[in-house]
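Here's the structure we're looking at; comments come further down.
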Amino acid sequence: MSTEKEESLNFIEEIIEEDLKNKKHEGRIHTRFPPEPNGRLHIGHAKAICLNFEIAKKYGGKTNLRFDDTNPTNEKTEFVDNIKKDIKWLGYNWDDREYYASDYFDTLYDYAKKLISKGLAYVDESTADEISEMKGTPTEPGKNSPYRERTIEENMVDFEKMRNGDYADGAKVLRAKIDMSSPNMHMRDPVIYRIKHEDHHRTADKWCIYPMYDFAHGQSDSIENITHSLCSLEFRHHRPLYDWFIEHLEIFPSRQIEFSRMNVEYMIMSKRKLMKLVENDIVSGWDDPRMSTLSGVRRRGYPPEGIRMLIEKVGLTKRENLIEINLLNACAREVLNKKATRVMVVESPLKLTISNYPEGSSELLKSLNNPEDETMGERDISFGNEIFIEREDFALDPPKKYFRLAPGKTVRLKNAYIITYEDHKTDAEGNVIEVICKYYPETKSGSDNSGIKAKGVLHWVNCADAIPIEIRSYDTLFTDPTPDSHEDKDFLEFVNPDSLVVNTKAMSEPSLKSAGESEHFQFFRKGYYIKDQDSKEGMLVFNRTVTLKDGFNKK
RNA sequence: UGACCCAUGGUGUAAUCGGUAACACUACGGUUUUUGGUAUCGUCAUUCUAGGUUCGAGUCCUAGUGGGUCAACCA
């Protein structure tokens, strides 16, 4: 077969193929994923991770993992470890290429001195407010600092003093000398080094001055010989600065290319806001299954293949976008349908007695683990005269087109027999508490040639060996698709009070006792579930990842 | 009242020297089905607006309109 299907390239692939054609960097492709270890990764980061790793893979290149740890204030080793775990979970490997911007502090310091010696950087002792004031506004040019014309020698001595700890935090900064009237605010003599007498998670107290993002990121790219530095659109205005440093430092010319980040309905991607949800106990932690963090998404049961599929389907452009949460769920269902083990779980049990099945006896029936994948095999499930069915699968007064059990109706019990309603019992308030049916022995699953028809198929569990489980069902964490886009309202006002529903009354077939840590299940006719870390010996807990598509309840 | 970026269905993307709108998800409607799942078939767009160039424009030109981003000693 030919590869006729002409795949269309996204704009970054076009740039790369053009570079390849021109033998730029000898055809070498090297990308990087550069998180700051100050919080957990979220599903928005997944786009950057997939893009960087996939594009390198596609063109035979490499991808570095680099921690952008230039601000010691909120950076922690704990975050480093979690970030690595998340990237691995997503399915990517950086081999031994694990780097830290802090590894380059010495080099960066030398770069700063080089800039000073070229007369392109100066020490400014204005206050932060004064610097901000002199910066002007996007529509008005800024003013030169009174310290701008100090001599190279003065600057060099003073910068060394900064480094030696002679000054207090905030007393002085090092600034690049560019253009205070540039229409690009980032070119108005940006601060490139600040004083912070703070311990760093890796360099401890070695340094008391730390480079700013603009004086660390591009330089780190360059040091690592990164060919294509892919980042999100908000860094667009930093690109001229990125290029300016490379030019004046005369270092390897990495190229920054920006793409639009992914926004997902009902999800929040801001680390600060995510932190607020945790701190205010609105969620149980960074890994709450309703969170957009990768640890939350993982605990919820979304498979990594599904996340990668989502990113692939979302594509890559420079447009603003808002992805429907449904696309994520569709990807999850597609993956899970093929790999989830089918089990029967009754969420809201209603007792059903089979009048003509010998009391006290039982038999073993075969159940396919996954009809989509025969290689997953089958298992035995027990059947007896007393079972539980789903409460909503029985109705005294059924609506039209009700394929379930009701007076006069006949249905099939999945993997078992066809049964017909005979009677029911109610409690004092008139609630149905038990249904009585008769079964047809000749309709046993797999060997039914009775000719008896039953439109509906019900899932069930055997009273004799069913085990109680807890089910946690989730809805969106917010009631508004874009909770943080309202200028007049705080995003917390949109927290969905019904985003978590805990059901401790569910009954499961006993096979769930041996559920694995990352084993996905489909609870028949319900949805996809995964065992939660809160599970205990006598009470297993399951998270609902996503429901099955439901063609009945919608109507 | 600056600079830069973006503009194709409900959503996200495609249409590579201009050649008559494609794919996926959703929604709706069939078929199949021992999951109202899966699978499968079908239906849903005056390409932001107005002019212009051309035999022909989503693609080119002009002028608008709308949206986004930028003024942290954060990244």
Side-chain angles (χ1 to χ4, degrees), chain A residues 6-10 14 34-36 38 68-71 73-75 101 124 127-128 131-133 135-142 169-175 182-186 188 190-196 209-210 212-214 216-217 231 233-240 258 260 262 265 271-272 310 312-331 333-334 337-338 342 344 368 371-372 401-404 411-416 418 443 445-446 448 454-459 522-527 547-555:
Chain A
E6 287 183 28
E7 89 186 288
S8 57
L9 304 176
N10 63 49
E14 276 175 9
E36 183 187 12
N38 68 344
D68 224 337
D69 55 352
T70 57
N71 182 353
T73 308
N74 300 310
E75 294 161 0
D124 195 326
T127 64
I131 287 177
S132 168
E133 182 70 24
K135 209 151 211 168
T137 69
T139 54
E140 291 167 60
D169 287 6
K172 306 196 177 193
V173 292
L174 184 69
R175 291 227 259 168
S182 169
N184 182 342
M185 298 299 288
H186 297 279
R188 322 248 261 226
V191 170
I192 58 177
Y193 259 98
R194 80 287 217 180
I195 301 171
K196 266 191 189 225
I209 58 170
Y210 292 95
M212 298 290 291
Y213 166 84
D214 285 307
H217 198 103
C231 63
L233 242 32
E234 52 266 39
F235 291 98
R236 177 170 38 226
H237 304 289
H238 293 254
R239 178 153 35 94
E258 313 87 15
S260 62
M262 176 177 74
E265 280 180 345
K271 271 186 199 170
R272 219 194 85 249
L310 170 76
E312 190 193 328
K313 291 192 177 191
V314 160
L316 193 75
T317 63
K318 298 171 88 161
R319 289 177 223 155
E320 292 296 317
N321 59 73
L322 212 214
I323 307 302
E324 288 177 342
I325 187 70
N326 190 65
L327 186 61
L328 201 213
N329 291 333
C331 291
R333 287 190 189 107
E334 186 173 336
N337 177 48
K338 298 215 166 50
R342 268 61 169 177
M344 293 202 281
L368 232 38
E372 301 288 320
K401 283 194 161 184
Y402 188 76
F403 307 151
R404 309 176 185 186
V411 298
R412 172 174 286 283
L413 292 173
K414 178 72 185 172
N415 293 133
I418 289 178
T443 60
S445 255
D448 181 358
K455 174 73 176 166
V457 178
L458 271 43
H459 61 282
Q522 185 196 93
F523 291 1
F524 245 93
R525 301 206 297 141
K526 290 294 180 182
T547 62
L548 247 32
K549 271 212 269 186
D550 190 342
F552 175 66
N553 283 335
K554 261 174 206 161
K555 299 190 177 175

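For clarity, every value in this text was computed on a predicted model and none was experimentally measured.
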Measure from the side-chain heavy atoms of [X] and tell me the nearest of [options].
X	options	result
A:Asn71	B:C74, B:U35, B:G2	B:C74
A:Lys455	B:U34, B:U33, B:U35	B:U33
A:Ala330	B:C73, B:U35, B:U26	B:U26
A:Phe552	B:C74, B:G37, B:G36	B:G36
A:Ile323	B:U38, B:C25, B:G12	B:G12
A:Asn337	B:U38, B:U34, B:C70	B:U38
A:Ser8	B:A3, B:A15, B:A71	B:A15
A:Arg342	B:G37, B:C74, B:A14	B:G37
A:Pro138	B:G36, B:G37, B:G2	B:G2
A:Met185	B:C70, B:U13, B:A75	B:C70

Any side-chain N or O of [X] below 4.0 angstrom from OP1/OP2 of [N]?
X	N	answer
A:Arg194	B:A75	yes
A:Lys549	B:U26	yes
A:Thr317	B:U13	yes
A:Arg404	B:U35	no
A:Thr137	B:G2	no

State the pairing partner of [N]; accept Watson-Crick or G-U wobble contacts with both distances under 3.5 Å, and report none otherwise.
N	result
B:U59	none
B:U65	B:A7
B:C23	B:G12
B:C70	B:G2
B:G18	none
B:U46	none
B:G37	none
B:U53	none

So what does [X] touch, heavy atoms closer than 4.0 Å: a base, only the sugar-phosphate, or nothing?
X	result
A:Phe523	nothing
A:Gly446	base
A:Thr73	nothing
A:Lys338	nothing
A:Gln522	base
A:Thr127	base
A:Glu36	sugar-phosphate
A:Leu458	nothing
A:Pro371	base
A:Asp448	nothing
A:Phe235	base
A:Val191	sugar-phosphate
A:His186	sugar-phosphate
A:Leu327	sugar-phosphate

Short question: side chain of [X], backbone of [Y] - any donor-acceptor pair under 3.5 Å?
X	Y	answer
A:Arg194	A:Asp169	no
A:Asn184	A:His186	yes
A:Glu140	A:Gly136	no
A:Arg333	A:Thr547	yes
A:Arg188	A:Ser182	yes
A:Ser260	A:Thr317	yes

Can you tell me whether the side chain of [X] and the base of [N] have a donor-acceptor pair closer than 3.5 Å?
X	N	answer
A:Arg525	B:U35	no
A:Glu324	B:G10	yes
A:Arg333	B:U38	no
A:His237	B:A71	no
A:Glu265	B:G12	no

Please give the distance between the [atom1] atoms of [N] and [M] as a whole number of Å.
N	M	atom1	value
B:G9	B:G18	P	23 Å
B:A72	B:U65	P	29 Å
B:U43	B:C61	P	36 Å
B:A57	B:U46	C1'	15 Å
B:C4	B:C41	P	49 Å
B:C23	B:U16	P	16 Å
B:G2	B:G19	C1'	42 Å
B:C17	B:U59	P	15 Å

Round to the nearest Å and state the distance from [X] atom [atom1] to [N] atom [atom2].
X	N	atom1	atom2	result
A:Asn184	B:C4	CG	P	10 Å
A:Leu328	B:C25	CG	P	15 Å
A:Asn321	B:G10	CG	P	17 Å
A:Asn326	B:U13	CG	C1'	16 Å
A:Glu320	B:U8	CD	P	12 Å

Legend entry - Earlier contact from the 5' end, RNA chain B, for A:Ala128 and A:Lys414: A:Lys414
Inset, instruction - Indicate the ring-plane relationship of A:His238 and A:Tyr213, choosing parallel, tilted or perpendicular according to the 30° and 60° boundaries. - result: perpendicular
Inset, instruction - For the pair A:Arg525 and A:Asp550, find out whether any cationic side-chain nitrogen is under 4.0 Å from an anionic carboxylate oxygen. - result: no
Inset, instruction - Could you tell me whether A:Lys196 sits above the aromatic face of A:Tyr210, with NZ or CZ closer than 6.0 angstrom to the six-membered ring centre and within 45 degrees of the axis? - result: no
